Amino acid sequence: MGIYLNPGNEQFTVSVNSELYVDKTELIKYTNSRIGKDRPLICSSRPRRFGKTMAVTMLAAYYSKGCHSETLFAGFKISQNEFFKIHLNKYNVIFLDIQWMYGNALEEMKRNTSVSVVNYIQDQVISELKKEYPEYVRDTDVSLPSVLANIYIMTKEQFIIIIDEWDCLFREDKHNEILQKEYINLLRGLFKGTPSGAFLKLAYITGILPVKKYGTQSALNNFREHTMVSPRQMAEYVGFTEEEVKALCEEHDMPFEEMRQWYDGYFLGSTGHVYSPNSVIEAIDGREFGNYWSRTETYESLMMYIVMDFDGLRQLIVDLLGGLRRRIDVESFQNDMTSFNSADDVITLLIHMGYLAYDNQTKEVFIPNEEVRGIFLRAIKNDGWDDVVKAVQASEALLQATVAMDEKRVAQMIQEVRMQNVSSLVYNNEVSLGSVIALAYYSACKEYMLIREMPAGNGFCDMVFLPKRTSSKPALVVELKWNKTAEGAISQIKNKQYVSALKEYRGNILLVGISYEKKNRKHQCRIEKFEM
């Protein structure tokens with residue numbers, strides 16, 4: 001058993017023994033299905049906090065000859081699979097954590113300037129291979145693919161290669177093209193061509209970025225990619241599913257609706273709603289909902305992308321902050337953090353990083369939840385976003401005016417938000433009006449759950465602000481009208497019985513009608529108390 005060759009199962013044991021462990025072992029059923037098949041190469045790209053490291057330590061614990069894991073997996077879903085024991089601890093596994101190795105390589109380079117990052121990675125693994133296969137590995141060997149090919153020729157033993165954070169070098173040293181090309185050449189040697197087809201049993205690599213492209217050619221186009229844009233068979237293993245989160249909330253006596261408001265929003269095909277595992281675990285462990293993203297990411301990392309000078313990018317971000325969805329093209333993205341040609345390229349990167357969610361069916365992008373909305377708000381508190389920040393800061397006063405039923409003041413404040421933040425070219429329907437209203441009421445999310453297009457009575461209510469259990473404020477049922485009257489909006493709430501959707505709610509309710517008249521470019525507001 002070594003650090004890189006045939007590691008043990010200690011890391012996965014720690015995860016299993018956690019009080020909040022969620023069984024994702026059926027991922028192994030999918031990886032087993034690729035063994036012995038053409039192109040047994042899997043790339044799982046997902047954001048930080050979405051369980052990448054847990055997945056690779058689980059796979060290492062299952063496949064590695066360096067441990068005995070039958071007892072460890074007993075009772076989990078995969079242990080019931082008919083092929084469970086066929087592949088259990090049967091293979092030579094090479095496990096590389098590139099983030100960790102990159103840090104170690106930099107320290108070594110301080111002592112020895114002749115060392116490169118890629119050479120360091122190869123030397124570390126070759127050193128362990130020499131101990132295991134002394135008769136087949138020479139002191140002069142420096143190429144890891146060549147060493148593995150030679151071992152296979154002499155012994156017919158194949159390898160499973162697992163790489164965590166495969167794209168680390170592209171993220172941490174994004175402008176070092178020499179290093180990147182050396183690294184890609186290493187990966188090509190491991191995963192492309194006839195030699196790799198011989199010594200490679202299976203490859204599983206994780207990262208934030210999809211597989212790197214150079215121009216129009218993919219450097220590793222033989223991988224089966226599973227991304228936040230197209231997760232395919234990996235969707236249910238990317239994060240926590242809604243059923244898994246419901247079970248955790250019930251087990252630990254946490255309110256599921258608040259959990260959903262804070263951390264839901266990613267929607268992955270047939271799997272449906274997906275939650276960030278780290279945030280859910282932190283909220284349950286600390287017994288408090290909040291922004292746990294900031295502990296693993298800086299706001300500057302988001303800011304550097306959303307301030308890029310591409311046509312339409314700023315307006316797109318404002319629309320997303322206002323709760324709108326926007327259709328984008330994700331196909332032109334070059335899969336790195338430097339080659340941007342359009343606003344769509346920037347937005348696509350933010351999808352892969354988890355800052356935005358993507359609906360593969362509608363091809364639309366959106367901000368997934370309140371936790372991430374809070375990150376965007378902190379990121380835009382910089383030069384060039386003053387109007388947006390002012391609108392958000394004024395939202396507390398707008399909420400107070402609404403609760404006080406000050407119709408004139410509400411209309412005036414919404415007018416100010418519209419004039420500051422929305423182009424007249426796009427402000428032309430109830431959808432864009434809804435974006436302005438959601439942005440204007442931004443701070444309401446502290447005390448309310450905002451529900452868009454809520455099924456109610458004989459239709460769908462535009463917006464419902466439902467007070468959180470800690471709030472004493474009234475519920476708000478909001479209807480929007482474009483080029484019609486606010487009185488008409490109130491009448492629609494009553495006639496279509498939108499309030500019936502709040503039949504379980506026992507507090508006070510305000511009916512809020514907001515309209516925009518195109519001719520005079522003015523907003524109107526009408527507010528009534530709901531009479532039972």
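Treat the numbers as computed from the prediction; the structure is a model and nothing was measured.
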Side chains of Tyr292 and Ser276, donor plus acceptor under 3.5 Å: no
CD1 on Ile351 to OG on Ser45, rounded to 0.5 Å: 13.0 Å
CD-CZ distance between Glu371 and Phe376, expressed to the nearest 0.5 angstrom: 12.5 Å
Atom NZ of Lys131: over 12 foreign heavy atoms under 6.0 Å: no
Under 3.5 Å donor-acceptor, Gln158 side chain and Tyr152 backbone: no
Under 3.5 Å donor-acceptor, Ser69 side chain and Ala61 backbone: yes
For Thr206, side-chain hydrogen bond (donor to acceptor under 3.5 Å, both in side chains) partners two or more places apart: Asp164
Ile42 versus His226, closest heavy-atom pair with distance: CG2-CD2, 3.8 Å
Over 12 foreign heavy atoms within 6.0 Å of CD1, Ile86: yes
Derivation and outcome, side-chain contact (heavy atoms from CB on, under 4.5 Å), residues Met54 and Phe12: CA-CA 7 Å; Met54 191 281 293; Phe12 185 57; 3.9 Å; yes
Heavy-atom check, side chain of Phe333 versus side chain of Ile347, under 4.5 Å: no
Derivation of the ring pair (Phe, Tyr, Trp, His ring centres under 6.0 Å) call for Phe76 and Tyr21: CA-CA 11 Å; Phe76 294 126; Tyr21 175 72; 5.3 Å; yes
Test item: Ile151 and Val137 side chains (from C-beta on) under 4.5 Å apart, heavy atoms: yes
Worked check of ring pair (Phe, Tyr, Trp, His ring centres under 6.0 Å) between Phe95 and Tyr63: CA-CA 11 Å; Phe95 181 95; Tyr63 289 117; over 10 Å; no
Donor-acceptor contact present, side-chain Asp345 to main-chain Asn341, <3.5 Å: yes
Sidechain-backbone polar pair: Asp264 side chain, His273 backbone, donor-acceptor under 3.5 Å: no
Nearest-0.5 Å distance, CG of residue Asn17 to CG of residue Leu72: 8.0 Å
Lys363 and Glu331 ion-paired at < 4.0 Å: no
Beyond-backbone contact of Glu182 with Ser116, side-chain heavy atoms, under 4.5 angstrom: yes
Over all atoms of both residues, closest heavy-atom pair of Trp385 and Ile380: CB-O, 3.0 Å
Heavy-atom side-chain proximity of Lys29 to Phe83 below 4.5 angstrom: no
More than 12 heavy atoms of other groups within 6.0 Å of Asp311 CG: no
Enclosure of Arg138 CZ (heavy-atom neighbours >12, cutoff 6.0 Å): no
Greater than 12 external heavy atoms within 6.0 Å of Glu135's CD: yes
side-chain contact (heavy atoms from CB on, under 4.5 Å) evaluation trace for Tyr102 with Asp173: CA-CA 10 Å; Tyr102 175 65; Asp173 214 342; 3.6 Å; yes
Polar side chain donor-acceptor pair, Glu157 to Tyr133, under 3.5 angstrom: yes
Heavy-atom donor-acceptor pair, Lys24 side chain to Glu236 backbone, under 3.5 Å: yes
Distance-minimising heavy-atom pair for Lys201 and Ile35: CE-CG2, 3.5 Å
Backbone of Leu144 reached by a side-chain donor or acceptor of Gln122 within 3.5 Å: yes
Pairs flagged by salt bridge (charged side-chain N to carboxylate O under 4.0 Å, His left out) wherever residues 99-126 is involved - sequence neighbours left out: Glu107-Lys110, Glu108-Arg111
Pairs meeting criterion ring pair (Phe, Tyr, Trp, His ring centres under 6.0 Å) with involvement of residues 230-256, two or more places apart: none
Stepwise side-chain contact (heavy atoms from CB on, under 4.5 Å) test for Asn291 and Arg373: CA-CA 10 Å; Asn291 188 337; Arg373 278 167 62 89; over 6 Å; no
Closest approach of Tyr4 to Glu128 (non-hydrogen atoms, all atoms of both residues): N-OE1, 3.1 Å
Side-chain heavy-atom pair Leu190, Leu148 within 4.5 angstrom cut-off: yes
Asn89 side-chain N/O to Ser64 backbone N/O, donor-acceptor pair under 3.5 Å: yes
Stepwise ring pair (Phe, Tyr, Trp, His ring centres under 6.0 Å) test for Tyr305 and Tyr355: CA-CA 11 Å; Tyr305 297 112; Tyr355 288 114; 8.4 Å; no
Taking every non-hydrogen atom, the tightest pair across Val118 and Leu179: CG2-CD1, 3.9 Å
Lys90 atom NZ, neighbour heavy-atom count above 12 within 6.0 Å: yes
Pairwise distance CD1(Ile121) to CG(Leu169) - rounded to 0.5 angstrom: 5.5 Å
Tyr62 and its side chain to side chain donor-acceptor pair (under 3.5 Å) partner, picked from Thr25, Asn32, Thr57: Asn32
Donor-acceptor under 3.5 Å (Asp344 side chain, Ile328 main chain): no
Trace of the side-chain contact (heavy atoms from CB on, under 4.5 Å) decision for Val365 with Val330: CA-CA 10 Å; Val365 66; Val330 299; over 6 Å; no
Polar side-chain atom of Asp167 near backbone of Gly207 as donor-acceptor pair, under 3.5 Å: no
For the student: nearest non-hydrogen atoms of Thr271 and Ala235, plus distance: OG1-CB, 3.3 Å
Pairs flagged by side chain to side chain donor-acceptor pair (under 3.5 Å) wherever residues 72-85 is involved - sequence neighbours left out: Glu70-Lys85
Test item: Arg46 side-chain N/O and Met228 main-chain N/O as donor-acceptor pair under 3.5 Å: no
By side-chain hydrogen bond (donor to acceptor under 3.5 Å, both in side chains) - contacts of Tyr91 (at least two apart): His87
Between OG on residue Ser44 and CZ on residue Phe223, distance to nearest 0.5 Å: 11.5 Å
Contacts of Ser339 that satisfy side chain to side chain contact (heavy atoms under 4.5 Å, CB included) - sequence neighbours left out: Gln334, Asp336
Heavy-atom side-chain proximity of Leu209 to Leu349 below 4.5 angstrom: yes
Side chain proximity check, Ile208 to Lys52, heavy atoms < 4.5 angstrom: yes
Geometric class of the Tyr183/Phe170 ring pair [parallel <30°, tilted 30-60°, perpendicular >60°]: tilted
Min side-chain heavy-atom separation Arg224-Gln233 under 4.5 Å: no
